[in-house]
2 protein chains.
Amino acid sequence: MDRRTELLNCAENVARRHGYDGFSYADLAKEVGIRKASIHYHFPSKADLAVALIERYASTHAEALAVIDETSELASDRLAAYVQGYRKALSGGAKICLCAAFSVSRDSLTDEALRELDAFRGNSLNWLEKTFQLANKDGSVSHSAEPAEEAAALLATVEGAQLVARAANKVSDFDQATKLFLSRLP
Amino acid sequence: MDRRTELLNCAENVARRHGYDGFSYADLAKEVGIRKASIHYHFPSKADLAVALIERYASTHAEALAVIDETSELASDRLAAYVQGYRKALSGGAKICLCAAFSVSRDSLTDEALRELDAFRGNSLNWLEKTFQLANKDGSVSHSAEPAEEAAALLATVEGAQLVARAANKVSDFDQATKLFLSRLP
DNA sequence: GTCTATAGTTTGATAGAC
DNA sequence: GTCTATCAAACTATAGAC
């Protein structure tokens, strides 16, 4: 694995644990095993690193959604996999979604980073809306309502569930918060 | 208003905009109009300030819930007021709940602050569960399920809705995310 | 209670040798 | 690509005068 990737992995990890304002180049240097100054060779400024982080996160996320679509036919199976993805990303209550972590510190981000963040959210919502449209056709989700409303509600639910689970450092809080939605699936 | 209260107001404001790691005594000093060092007289350390913030936030929140109970009889009216409270607290997309903001930076908090945070969440969940129990009796919320599940789901929904609204700086995103739940109310 | 002054650390970032 | 050395700025916090 090249250094740049290694740094991105480490930065994503620590950013999702502490937020954008909660980590420094010193943290990365310590964990990756090079000096602070060397990181600036890969990412001249922290703002550059933030943009790179969100970009990679967005494309990884998009791929994951594509895999879900290939793997599952039913809307209910796809949505269950979606929720499960956020559950797994929690790492037992230690991390949250990068998007959520960065949203709190949005005033520290550059315009470019904010645009990337917005694009990420847009992609998520589009996929969810599309999937709830499918749900209305295949009937796999009980009393399914307006796709756009369902999409926004589920996104808020999984992000909020991560947040409360992070607050208590307990995955079970995520499970409790998502149980109601999952009970609508077969 | 005494200085301590003034400082708490200012700190709560900026903490809810930037998170715990995103504000400093310098920010407060600038806005309140005294020197950095003077703040240490009121709050010896930032950790003390954090605890005071959560304590006050929790009691204010508890009072607000009590007022809702006095004002409304129906569970549906109470829950609508609850959601509306989180909407108002958003300040147009500029701030989120203190609990949510602090959850992201939980690793920077002391054990005492974490305990207070936990108590806050516990109180919220208790009130919600109690209110959903009422809903099951007065029938004002459509297809109401297990109170504990409903409570956890709604807490996650409003916190997640704040987060996505903060990400985009748009209240309308909060509205879209909470629309589905509100449609279950008369 | 608030001030000045300052300590000691950490931050993001740059210059230049290798 | 990574290093040492260094910078200016910001950070939390303390001592002591008023």
Side-chain angles (χ1 to χ4, degrees), chain A residues 1-56 98 101-102 104-114 116, chain B residues 1-54 56 98 101-102 104-114:
Chain A
M1 181 170 42
D2 67 345
R3 216 3 86 75
R4 189 189 146 91
T5 306
E6 199 179 353
L7 282 165
L8 282 173
N9 290 349
C10 178
E12 183 184 315
N13 204 37
V14 67
R16 285 173 51 194
R17 282 173 200 271
H18 304 121
Y20 180 74
D21 293 318
F23 80 95
S24 70
Y25 273 32
D27 298 323
L28 309 183
K30 195 177 167 189
E31 210 169 301
V32 171
I34 59 175
R35 298 294 175 157
K36 257 198 321 175
S38 310
I39 303 177
H40 287 278
Y41 168 79
H42 301 278
F43 305 99
S45 75
K46 199 181 174 185
D48 296 321
L49 173 56
V51 171
L53 274 177
I54 309 176
E55 271 176 350
R56 192 183 69 150
L98 186 70
F102 274 16
V104 177
S105 359
R106 68 160 277 140
D107 291 353
S108 302
L109 302 178
T110 59
D111 286 347
E112 192 184 356
L114 288 174
E116 299 285 347
Chain B
M1 182 169 43
D2 67 345
R3 215 4 85 75
R4 190 189 145 91
T5 307
E6 199 179 354
L7 282 165
L8 282 172
N9 290 348
C10 179
E12 182 184 316
N13 204 36
V14 68
R16 286 173 51 196
R17 283 173 200 271
H18 306 312
Y20 180 74
D21 292 318
F23 81 94
S24 69
Y25 274 31
D27 298 323
L28 309 183
K30 195 176 165 190
E31 210 170 301
V32 170
I34 60 175
R35 297 294 174 156
K36 262 198 311 179
S38 310
I39 303 177
H40 287 277
Y41 168 78
H42 301 279
F43 305 99
S45 75
K46 199 181 174 184
D48 296 320
L49 173 57
V51 172
L53 274 177
I54 308 176
R56 192 183 69 151
L98 185 71
F102 275 16
V104 177
S105 0
R106 70 161 274 140
D107 291 353
S108 303
L109 301 179
T110 59
D111 286 346
E112 192 184 355
L114 287 174

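All chains are named by letter (A, B, ...) in the order of the sequence lines, taking the proteins before the strands, and each is independently numbered beginning at 1. This structure is a prediction, so every number in the text was calculated from the model and none was measured. The figures here come from the full heavy-atom set of this structure, side chains too, leaving out hydrogens, waters and symmetry mates.
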Report, as yes or no, whether the 6.0 Å neighbourhood of atom CD on E55(A) holds more than 12 heavy atoms from other residues, nucleotides or ligands.
-> yes
Y20(B) and F102(B) aromatic ring geometry - parallel, tilted or perpendicular at 30°/60° bounds | perpendicular
Of A37(B) and D27(A), the one whose closest nucleotide on DNA chain C sits nearer the 5' end is A37(B)
Could you check L7(A), V51(A), L53(A) and say which one makes a side chain to side chain contact (heavy atoms under 4.5 Å, CB included) with F43(A)?
-> L7(A)
Check side-chain hydrogen bond (donor to acceptor under 3.5 Å, both in side chains) between R3(A) and all other residues, then give those that pass, not counting sequence neighbours.
-> E6(A)
Sugar-phosphate only, base, or nothing, as touched by F23(B) at under 4.0 Å among non-hydrogen atoms = sugar-phosphate
Rounded to whole angstroms, how far apart are CZ on F43(A) and C1' on dT14(C)?
-> 18 Å
Separation of K36(A) atom NZ from dT2(D) atom P, in whole Å?
-> 17 Å
Starting at OG1 of T5(B), measure out to CG of N9(B) and round the result to the nearest 0.5 Å.
-> 6.5 Å
Quickly work out the H40(A) NE2 to dT14(C) P distance and round it to whole Å.
-> 7 Å
State the dot-bracket string of DNA chain D. Criteria: Watson-Crick or G-U wobble, both atom distances under 3.5 angstrom; notation: ( ) intrastrand, [ ] crossing earlier pairs, | interstrand, . unpaired.
-> ||||||||||.|||||||
Respond yes when some side-chain nitrogen or oxygen of Y41(A) is under 4.0 Å from OP1 or OP2 of dT2(D), and no when none is.
-> no
Which whole-number value in Å describes the distance from K46(A) NZ to dT11(C) P?
-> 9 Å
Interatomic distance where CD1 belongs to I39(B) and P belongs to dC11(D) [whole Å] | 11 Å
Is any side-chain nitrogen or oxygen of R3(A) closer than 4.0 Å to OP1 or OP2 of dG1(D)?
-> no
Ignoring backbone atoms, establish whether R35(A) has a side-chain N or O less than 4.0 Å from OP1 or OP2 of dT4(D).
-> yes
What is the distance from OH of Y25(A) to C1' of dT2(D), rounded to the nearest Å?
-> 15 Å
Distance check: side-chain N/O of S24(A) vs OP1/OP2 of dT10(C), anything under 4.0 Å?
-> no
Quick one: does Y25(B)'s side chain have a donor or acceptor within less than 3.5 Å of a partner on S45(B)'s backbone?
-> yes
What integer distance in Å separates D21(A):CG from dC11(D):P?
-> 11 Å
Hey, what do you get for CG (L28(A)) to CD1 (I34(A)), rounding to the nearest 0.5 Å?
-> 8.5 Å
Phosphate OP1/OP2 of dC3(D): any S38(A) side-chain N/O under 4.0 Å | yes
Starting at NE2 of H18(B) and ending at C1' of dC11(D), how long is that distance when rounded to a whole Å?
-> 16 Å
